[in-house]
Engineer: 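Just dropping this structure here.
Excluded from the calculations below are hydrogen atoms, water molecules and symmetry mates; all remaining heavy atoms, backbone and side chain alike, are included.
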Amino acid sequence: MTKMLVVYYSWSNGNTKRIAEMIAEEKKADIAEIKTAEPYKGSYDQVVAQGQKEVDAGFCPAIQPLEKNPSDYDVIAIGTPTWWYTMAPAVRTFLKEYDFSNKLVIPFVTNGGWPGHVIKDICVLIKNAKMGKAIEIQFDSNGGDQLVTDIASIKDWIKNI
């Protein structure tokens, strides 16, 4: 029997968490949140500026241990918001710290209208894994939580992963 884990990082509005929970519920999968060892502090604009510096530097912040062990699962859905056209730095850390050999990895990415090259970047970091059908999910471009991508498309994607 195939075991699935949904791993995600979500920061400001919980958009990526919302999608992760939809996947976990539909697929009867376990779920685990990536959390930085040192939480981001400051205003939205301050964290955005810090995030840009981290992305530009290829910084990988320390993360807390996950509540679930990815090695116990066959399928791992990985969710990240788009930070400056790529994955959030905490997700980069997660991808570098875990072995995805012989796993099916299914990326899902949330963004405010600028999906960037997140999926390509995830594929570069994950070695020896089979990549499943990824999805980019758009929310409003004002940093809010209003879904732009058609919900039926998201549900169809979830059903077929």
Engineer: Sequence neighbours excluded, which residues qualify as ring pair (Phe, Tyr, Trp, His ring centres under 6.0 Å) partners of Phe100?
Structural biologist: Phe94
Engineer: What closest approach, in Å, do Met87 and Leu125 show between heavy atoms, and which atom pair accounts for it?
Structural biologist: CE-CD1, 3.8 Å
Engineer: For Ser71, give me all partners under side-chain hydrogen bond (donor to acceptor under 3.5 Å, both in side chains), at least two apart in sequence or on another chain.
Structural biologist: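 Once residues adjacent in sequence are excluded, the partners of Ser71 under the side-chain hydrogen bond (donor to acceptor under 3.5 Å, both in side chains) criterion are Asn69.
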Engineer: Atom NZ of Lys3 and atom CD1 of Ile76: how far apart are they, to the nearest 0.5 Å?
Structural biologist: 11.0 Å
Engineer: Donor-acceptor pair, distance only, cut-off 3.5 Å: does the side chain of Lys35 make one with the backbone of Pro65?
Structural biologist: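 It does not hold such a pair.
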Engineer: Applying side-chain contact (heavy atoms from CB on, under 4.5 Å), name anything that partners Asp150, two or more places apart in sequence or on another chain.
Structural biologist: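 side-chain contact (heavy atoms from CB on, under 4.5 Å) list for Asp150, sorted by chain: Ala152, Ser153.
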Engineer: Test of understanding: with side-chain hydrogen bond (donor to acceptor under 3.5 Å, both in side chains), list the residues that count as partners of Glu136, not counting sequence neighbours.
Structural biologist: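 Checked Glu136 against side-chain hydrogen bond (donor to acceptor under 3.5 Å, both in side chains); zero matches.
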Engineer: Which heavy atom of Pro61 sits nearest to which heavy atom of Thr36, and what is that distance?
Structural biologist: CG-CG2, 4.2 Å
Engineer: In Å and rounded to the nearest 0.5 Å, what is the CD1 to NZ distance from Ile119 to Lys133?
Structural biologist: 9.0 Å
Engineer: Hey, could you give me the NZ/OG distance between Lys130 and Ser101, rounded to the nearest 0.5 Å?
Structural biologist: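 Separation between the atoms: 15.5 Å.
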Engineer: Which pairs, with at least one residue in residues 90-113 and sequence neighbours excluded, count as a salt bridge (Lys or Arg N to Asp or Glu O under 4.0 Å)?
Structural biologist: none
Engineer: Check the surroundings of atom CG in Asp72: do more than 12 heavy atoms from other residues, nucleotides or ligands lie under 6.0 Å from it?
Structural biologist: yes
Engineer: Sequence neighbours left out, what passes side-chain contact (heavy atoms from CB on, under 4.5 Å) with Val48? Give chain and number order.
Structural biologist: Tyr44, Trp84
Engineer: Among residues two or more places apart or on two chains, list those pairs meeting side-chain hydrogen bond (donor to acceptor under 3.5 Å, both in side chains) that have a residue in residues 50-63.
Structural biologist: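 side-chain hydrogen bond (donor to acceptor under 3.5 Å, both in side chains) check on residues 50-63 returns Tyr40-Glu54, Gln50-Glu54.
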Engineer: In terms of heavy-atom contacts, does CD of Glu25 have more than 12 from other residues, nucleotides or ligands at under 6.0 Å?
Structural biologist: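 Open: at most 12 neighbouring heavy atoms sit under 6.0 Å from CD of Glu25.
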Engineer: side-chain hydrogen bond (donor to acceptor under 3.5 Å, both in side chains): which pairs involve residues 109-119, sequence neighbours left out?
Structural biologist: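 Listed once each, the pairs are Thr16-Thr110, His117-Asp121.
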Engineer: If you compare all heavy atoms of Val105 against all heavy atoms of Ala129, which two are closest, and at what distance to 0.1 Å?
Structural biologist: CG2-CB, 3.9 Å
Engineer: Linking directly or through intermediates, with side-chain heavy atoms under 4.5 Å: list the remaining ILVMFWY members grouped with Met4, chain and number order.
Structural biologist: Val6, Tyr8, Ile19, Met22, Ile23, Ile31, Val75, Leu104, Ile106, Phe108, Ile135, Ile137, Phe139, Leu147, Ile151, Ile154, Trp157, Ile158, Ile161
Engineer: Among residues at least two apart in sequence or on other chains, which ones pass side-chain hydrogen bond (donor to acceptor under 3.5 Å, both in side chains) with Asp140?
Structural biologist: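 Checked Asp140 against side-chain hydrogen bond (donor to acceptor under 3.5 Å, both in side chains); zero matches.
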Engineer: Is there a side-chain contact between Pro81 and Tyr9, using heavy atoms and a 4.5 Å cut-off?
Structural biologist: yes
Engineer: Can you list the residues that meet the side-chain hydrogen bond (donor to acceptor under 3.5 Å, both in side chains) rule with Tyr73, with sequence neighbours excluded?
Structural biologist: Asp30
Engineer: Is there a donor-acceptor pair under 3.5 Å between the side chain of Ser43 and the backbone N or O of Gln46?
Structural biologist: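 Confirmed, Ser43 side chain pairs with Gln46 backbone.
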Engineer: To the closest 0.5 Å, what do you measure between CD1 (Ile34) and OG1 (Thr80)?
Structural biologist: 7.5 Å
Engineer: Could you check whether any side-chain N or O of Thr93 sits under 3.5 Å from a backbone N or O of Ile63, counting only pairs where one atom can act as donor and the other as acceptor?
Structural biologist: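 No, the answer is negative, given that no donor and acceptor are paired below the 3.5 Å cut-off.
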Engineer: So, using salt bridge (Lys or Arg N to Asp or Glu O under 4.0 Å) as the criterion, who are the partners of Glu38 when residues are at least two apart?
Structural biologist: Lys41
Engineer: Could you tell me which non-hydrogen atom of Pro70 sits nearest to which non-hydrogen atom of Tyr98, and how far apart they are?
Structural biologist: CD-CE2, 3.5 Å
Engineer: Search all heavy atoms of Met131 against all heavy atoms of Pro107 and return the closest pair with its distance.
Structural biologist: CE-CG, 3.5 Å
Engineer: Does a side-chain heavy-atom distance below 4.5 Å link Asn102 with Asn128?
Structural biologist: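 A side-chain contact is absent here, since even the closest heavy-atom pair is not under 4.5 Å.
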